[in-house]
Amino acid sequence: MNTTLSLYNISKNFYTHHGKIAVFNSLSADFYQGVSYALTGPSGSGKSTLLHILAGIEVPCLGKVAYKGKNIALLKNKDRYSFLQNDIGMIFQTPFLVPELTVLENVLFKDLIIQYPSAEKIKKGLALLAELQLEDKAHTFPHLLSGGQAQRVALGRALYNKPTFLLADEPLAHLDRTNQQSILAMLKRSQLEWGMGIILSSHTEEIIQSMDNIYTLGSGY
Ligand code: ADP
Ligand code: MG
């Protein structure tokens, strides 16, 4: 059976000075490895919250998230670390690059936090940057990048460890159409090459339609 990332009866509310915001009420869904999913729905419908919950960064009020059948909230530190390090690649709505690190070092980040990457890994990072058409930016710092370039670096960082699932929050939003097409093609290649599952939020109809499944939030989920 394919590896799954599953939501069981997730409820999520935020409590603010202005009162309670109910985002999800008893939402269940299964996401399979090797399959792509678009999350769509109006701004405020919970796309980012859902991606954060799937990564274990945001905790649901009720219900559970299971990876390969195991509740991610109950993972031991070592397994939780491995889940984030090896199984999940996350792209946030804003790139969150580390400003003190070069573009290449940002891509190598998951290895860099353990030890300085070997020559072989640096080569791998440079090859990924070439695929993202950013090889000439490898030794540049993030503040010198355009929004679209920064977003592509964040994508490189998320794909670097060949994650089982890519969780991507509007990853193509700051890109022109040519770049969108080449990044989409790259995601499709990753899906085929190592069976990566893709869960991607988007407002762009063409991108949404290119995914295998579509979930529309704010419509009863
Ligand atoms: P989307 O990504 O679809 O635009 P979000 O997941 O960002 O939607 O937000 C869903 C709802 O939850 C919105 O009403 C938003 O204001 C609210 N929300 C999100 N994060 C927080 C938070 N940390 N605190 C309070 N409200 C939040
Ligand atoms: Mg969002």
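Excluded from the calculations below are hydrogen atoms, water molecules and symmetry mates; all remaining heavy atoms, backbone and side chain alike, are included. Just follow the structure's listing: the first ligand is 1, and inside any ligand the first atom is 1. For the single chain, residues carry numbers from 1 onward in sequence order.
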Exercise for the section: State yes or no: are the ring centers of Phe109 and Phe96 separated by less than 6.0 Å? Expected result: no
Handout entry: contact_flag Gly218 ligand 1 heavy-atom lt 4.0 Å
Key = no
Practice task
Provide the number and element of each atom of ligand 1 under 4.0 Å from a heavy atom of Pro42.
Solution key: 3 (O)
Problem - Protein non-hydrogen atom found under 4.0 Å from atom 17 (C) of ligand 1 - result: yes
Problem - Face-on cation placement of Lys64 at Tyr8 ring, 6.0 Å and 45° thresholds - result: yes
Completion exercise
Shortest non-hydrogen pair, Ser210 vs Ser36, comes out as O-OG, 4.5 Å
Fill in the blank from the handout: Value for CG (Leu51) from CG (Leu200), rounded to nearest 0.5 Å, stands at 8.5 Å
Handout entry: Lys47 N/O under 3.5 Å from ligand 1 N/O
Key = yes
Problem - Gln93 OE1 and Ser48 OG subtending at the Mg ion (ligand 2) (10° steps) - result: 80°
Handout entry: Gap between atom NZ of Lys76 and atom OG of Ser82 - 0.5 Å precision
Key = 13.5 Å
Fill in the blank from the handout: Logged contact type for Ser201 with ligand 1, heavy-atom cut-off 4.0 Å, is neither
Completion exercise
Ranked by distance from atom 9 (O) of ligand 1, the top protein heavy atom is Thr49 OG1, 3.8 Å
Completion exercise
Residue, atom and distance of the protein heavy atom nearest atom 8 (O) of ligand 1 read Gly46 N, 3.2 Å
Handout entry: Close approach of Gly41 to ligand 1, heavy atoms, under 4.0 angstrom
Key = no
Handout entry: Approximate separation, where rounding is to 0.5 Å, of Met196 CE and Thr164 OG1
Key = 10.0 Å
Practice task
Any pair with a residue in residues 152-185 that passes ring pair (Phe, Tyr, Trp, His ring centres under 6.0 Å), sequence neighbours left out, goes on the list, sorted by first then second residue, please.
Solution key: none
Practice task
Do me a favour and list the nearest non-hydrogen protein atom to atom 7 (O) of ligand 1 with residue, atom name and distance?
Solution key: Ser48 CB, 3.7 Å
Completion exercise
For Ser26 and Ser11 the tightest heavy-atom approach is N-OG, 3.0 Å
Problem - Point-to-point distance, once rounded to the nearest 0.5 Å, from CD of Glu100 to CD of Glu105 - result: 10.5 Å
Handout entry: Shortest protein heavy-atom distance from atom 24 (N) of ligand 1, along with the residue and atom involved
Key = Phe14 CD2, 3.6 Å
Completion exercise
The atoms of ligand 1 lying under 4.0 Å from a heavy atom of Val23, numbered in the order shown, are 11 (C), 12 (O)
Handout entry: Contact partition for Thr16 relative to ligand 1, non-hydrogen atoms under 4.0 Å
Key = side chain
Exercise for the section: Just need the protein heavy atom nearest to atom 11 (C) of ligand 1, so name the residue and atom and give the distance. Expected result: Gly44 O, 3.5 Å
Completion exercise
In this structure, atom 15 (C) of ligand 1 is nearest to the protein heavy atom Ile21 CD1, 4.8 Å
Exercise for the section: To the nearest 0.5 angstrom, please state how far the CG atom of Leu39 sits from the CD atom of Glu170. Expected result: 10.0 Å
Handout entry: Interfacing atoms of ligand 1 (cut-off 4.0 Å, heavy-atom, Ser43)
Key = 4 (O)
